[in-house]
Amino acid sequence: MKAESSTLTPFTKRVLTIINQIPIGHVMAYGQVAAAAGNPRAARQVARILHSMSDKYQLPWHRVLNKTGKISLRGEAATRQRRLLEQEGIVINEQNQVKMAAYQYIPKENAFDLGEYI
DNA sequence: GGCATGACTCCCA
DNA sequence: CTGGGAGCCATGC
């Protein structure tokens, strides 16, 4: 379905596409998603996109963590994300942190050009 | 067009 | 480990 994609900027669409391609049981860092979308320094924008889109799109937003493998949310939201990750078999310690080396997903360079997911 | 914002990241103490 | 400060930049008002 790509009905609403026309209102989104190319960068946003690439970000959404990439996030949708993260396999179950894997995660990506905000900066990594941004880099895959073409702008390695737009990590904050990725976070912003997730914040505004996660409720309108069926995004696996919980598979996006900061670069240290930690959950960047706080309070209830952090607990919610933690549970979702655990449901996928991802192990998180008391500091809401996972082993990035073990779970990080590395997308193919041109994967986002397809735009088939939005 | 300008300015504030932030689910980030990097660097140093 | 924690904490503070600076840089970055697409988005929204």
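Heavy atoms only: backbone and side chains are in, while hydrogens, waters and symmetry mates are out. This one's a predicted model, so the numbers in the text were calculated from it and none came from an experiment. Labels below follow one simple rule: chain letters A, B, ... track the order of the sequence lines, proteins then strands, and each chain is numbered from 1.
Of the two residues near DNA chain C, A/Ala42 and A/Lys70, the one whose nearest nucleotide lies more 5' is A/Lys70. Taking the nucleotide of DNA chain B with the nearest heavy atom to each of A/Gln45 and A/Ala29, the more 5' of the two is matched to A/Gln45.
Other residues, nucleotides and ligands contribute over 12 non-hydrogen atoms within 6.0 Å of the CD1 atom of A/Ile106.
Rounded to whole angstrom, the span from the CG atom of A/Asn96 across to the P atom of C/dT2 amounts to 12 Å. Rounding to whole angstrom units, CG of residue A/Leu73 and C1' of B/dG6 are separated by 12 Å. Atom pair A/Leu84:CG and B/dA7:C1' shows a separation of 14 Å (rounding to whole Å applied). Summarising the geometry, the separation between CZ on A/Phe11 and P on C/dC9 is reported as 11 Å, rounded to the nearest angstrom. Rounded to an integer number of Å, the gap from A/Ile49 CD1 to C/dA10 C1' is 7 Å. As rounded to whole Å, 6 Å separates atom P of C/dC9 from atom CZ of A/Arg41. The interatomic distance linking A/Gln95 (CD) with C/dG3 (P) rounds to 12 Å, in whole Å. Note: CZ (A/Arg82) to C1' (B/dA7) measures 17 Å, nearest angstrom.
Evaluation of atom-type donor-acceptor distances gives a pair under 3.5 Å for the side chain of A/Arg48 against the base of B/dT5. For B/dC8, its base sits under 3.5 Å from the side chain of A/Arg44 at one donor and acceptor pair at least.
Residues satisfying the side chain to side chain donor-acceptor pair (under 3.5 Å) test with A/Arg48, not counting sequence neighbours, are none.
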*Between A/Met53 and A/Thr12, is a side-chain contact (heavy atoms from CB on, under 4.5 Å) present by the stated rule, with each step listed?*
CA-CA 10 Å; A/Met53 302 295 192; A/Thr12 299; 3.9 Å; yes

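Side-chain atoms of A/Gln81 and A/Asn96, non-hydrogen and from C-beta on, never get closer than 4.5 Å to each other. Here the side chains of A/Leu73 and A/Arg80 are not in contact, with every heavy-atom distance at 4.5 Å or above.
Residue A/Thr9 places at least one side-chain N or O closer than 4.0 Å to OP1 or OP2 of C/dT11. Phosphate proximity of B/dC8 to A/Gln32: absent, as no side-chain N or O sits under 4.0 Å from OP1 or OP2. Between A/Thr12 and C/dT11, a side-chain N or O to OP1/OP2 separation shorter than 4.0 Å is present. Between A/Asn39 and C/dA10, a side-chain N or O to OP1/OP2 separation shorter than 4.0 Å is present.
Using a 4.0 Å heavy-atom criterion, one finds that A/Ser54 contacts the bases of the nucleic acid, with or without backbone contacts as well.
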